[in-house]
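Both ligands and their constituent atoms are indexed starting at 1 by order of listing. Below, each value reflects all heavy atoms present in this structure, side chains not excepted, and no hydrogens, waters or symmetry copies.
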Amino acid sequence: MVTQYGGLNKMSNSGLNMSRRIRRTPYTEKVIEAGVSGFTVVNHMLLPKSYKATVEEDYWHLSKNTQIWDVSCQRQVQIIGEDATELIQLMSPRSIKDMPIGKCYYYPMIDENAGMINDPVLLKLSENKYWLSVADSDVLLWAKGLAVGRNFKVDILEPDIFPLAIQGPKSEKLMSSIFGEKIKKLKFFHFSFFEFEGTKQIIARSGYSKQDGFEIYLKGFNLGKKLWETIWEAGKDFNISPGCPNLIDRIEGGLLSYGNEFTLENNPIECGFDNYCNNLSHDFIGKIALKKILKNGIEKKIKGITFDGSPTPSCTIPFPVYSKNRFQIGNITSGIYSPFLKTNIGLSMVDRDYWNDGQDVIVLTPDNIERKGKVCSLPFNYS
Ligand code: THG
């Protein structure tokens, strides 16, 4: 029965009590129809976590076909106005001086202690209009606080935008069958405008996976169902399936997740974002703290760890990582069995004395098994 919660009561066995605070997306109804078997919540909004297939089946499917992902929880924080560029720049060590319109930047945001606020994708829509496509923290409030405090002439709001990702090697063919040949010209981390149902829509070549793919920043909640159905129909020729960010693909690719691999407690150098911190000529919050960190060095940084034995239980609580002499030197915050590498893999902040590639470590998994592990560089699949 479809209730005011649009059938979400079917999800009651997930243990998640649905309420208005946990926002639905324009695709939620279609996601349920497609057989979603669990959700998580990101930015106060539903994110499908699994469908009928296992993570491993989904992983192989994603590596060969195309999938449709409801990633509306990648909320946009829109900053518009005469001081928009100044405010955006103030929030990150990455310089946007040469950023062209139509480009996406991976954009670490830090606080006054150089602690990570978020790691959004930044889109430049015009000289004074930007979107921050945020991970799971309340960037809107941080930005509004700064704007009020500094008397900036900007408007900051969450626009009526609901990203839908099309991921996997067959995505280009699927997308060009709907949006035309022009989509093939889109380069990685660039966006352009495409027509849908008489509206202009932004599509970027990007996505939270290491496969080729696109993100449609759908404008208009009311168009969601139509967009899903259009892609689903055309996708039948390309073996489309419903999906979601795939944990195996993400960990293999070394894509970090805010709140899991890193938090406000971590600085961007620990997160491996050094490349975005090498031109510090502009003014930004946390500059003094970051310069000090760069001068003094860091105590830990994000690394890959391979560890042996049977496929690991799921990583809902971090797995402690020990040195041979039983010092805890890290915590695996995301881990899973990789069917491609045929070993368990995990992401961990690792203490300085132990972070060299090839370092032997011990990983304790929740089944109480001590597993032999080795530290390696990220991403896994290229090391
Ligand atoms: N897409 C969009 N918004 C997002 C995400 C996304 N917001 C939340 C979250 N994901 C932010 N985190 C990431 C992490 C990695 C990447 C994108 C967003 C990513 N990184 C590439 C890589 O590491 O290979 C490229 C980075 C670069 O070229 O600078 O794609 O997925 N819209």
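The same ILVMFWY cluster, assembled from side-chain heavy atoms under 4.5 Å apart, contains both Leu140 and Met116. Side-chain heavy atoms closer than 4.5 Å link hydrophobic residues (I, L, V, M, F, W, Y) into clusters, and following such links, possibly through other members, connects Ile183 to Ile178.
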Residues Arg23, Glu158; criterion salt bridge (charged side-chain N to carboxylate O under 4.0 Å, His left out); working and verdict:
CA-CA 13 Å; Arg23 298 178 289 176; Glu158 190 182 282; 2.8 Å; yes

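Annotation: atom 7 (N) of ligand 1 to nearest protein heavy atom, Ser133 O, 2.9 Å. Taking atom 9 (C) of ligand 1 as the reference point, the nearest protein heavy-atom neighbour is Ala135 CB, 4.2 Å. Considering only non-hydrogen protein atoms, atom 29 (O) of ligand 1 sits nearest to Tyr276 OH, 3.0 Å. In terms of protein heavy-atom proximity, atom 17 (C) of ligand 1 is nearest to Val121 CG2, 3.9 Å. Summary of contacts: the protein heavy atom closest to atom 1 (N) of ligand 1 is Glu215 OE2, 2.9 Å. Distance from atom 28 (O) of ligand 1 to its nearest protein heavy atom, with residue and atom name: Phe188 CE2, 3.9 Å.
For Trp131, no heavy-atom contact with ligand 1 is shorter than 4.0 Å. Residue-level proximity to ligand 1 for Val134 is carried by the backbone, the only part with a heavy atom below 4.0 angstrom. Of all the heavy atoms of Asp119, the ones lying under 4.0 Å from any atom of ligand 1 are found in both the backbone and the side chain.
Distances from atom 24 (O) of ligand 1 to the heavy atoms of Gln167, Gln76, Lys210, Arg94 put Lys210 nearest. The nearest non-hydrogen atom to atom 14 (C) of ligand 1, considering only Trp69, Tyr106, Phe191, comes from Tyr106. Distances from atom 19 (C) of ligand 1 to the heavy atoms of Phe189, Tyr105, Tyr208 show the closest one on Phe189.
Ion pairing between a basic and an acidic side chain is recognised when a charged N comes within 4.0 Å of a carboxylate O; Glu270 and Lys301 show no such pairing. Between Glu261 and Arg250, at least one side-chain nitrogen of the basic residue sits less than 4.0 Å from a carboxylate oxygen of the acidic one, meeting the salt-bridge criterion.
Proximity to Gln74 (heavy-atom distance under 4.0 Å) selects the following atoms of ligand 1: 1 (N), 2 (C), 3 (N), 4 (C), 5 (C), 6 (C), 7 (N), 31 (O), 32 (N). Taking every heavy atom of Leu255 and a limit of under 4.0 angstrom, the matching atoms of ligand 1 come to 15 (C), 20 (N), 22 (C), 23 (O). The contact set between ligand 1 and Tyr217, taken as ligand atoms under 4.0 Å from a residue heavy atom, comprises 32 (N).
Ligand 1 lies less than 4.0 angstrom from a heavy atom belonging to Gly207.
Ring geometry for Phe262 against Tyr258 counts as perpendicular: the plane angle is over 60°, on a 0 to 90° scale with 30° as the lower cut. Ring geometry for Tyr27 versus Trp228: interplanar angle of 30 to 60°, hence tilted. Ring orientation note: the planes of Phe191 and Phe193 are nearly perpendicular, at an angle over 60° on the 30°/60° scale. In this structure, Phe194 and Phe179 have perpendicular ring planes: the angle between them is above 60°, well past the 30° mark.
Between Tyr107 and Tyr276, the gap from one ring centroid to the other reaches at least 6.0 Å.
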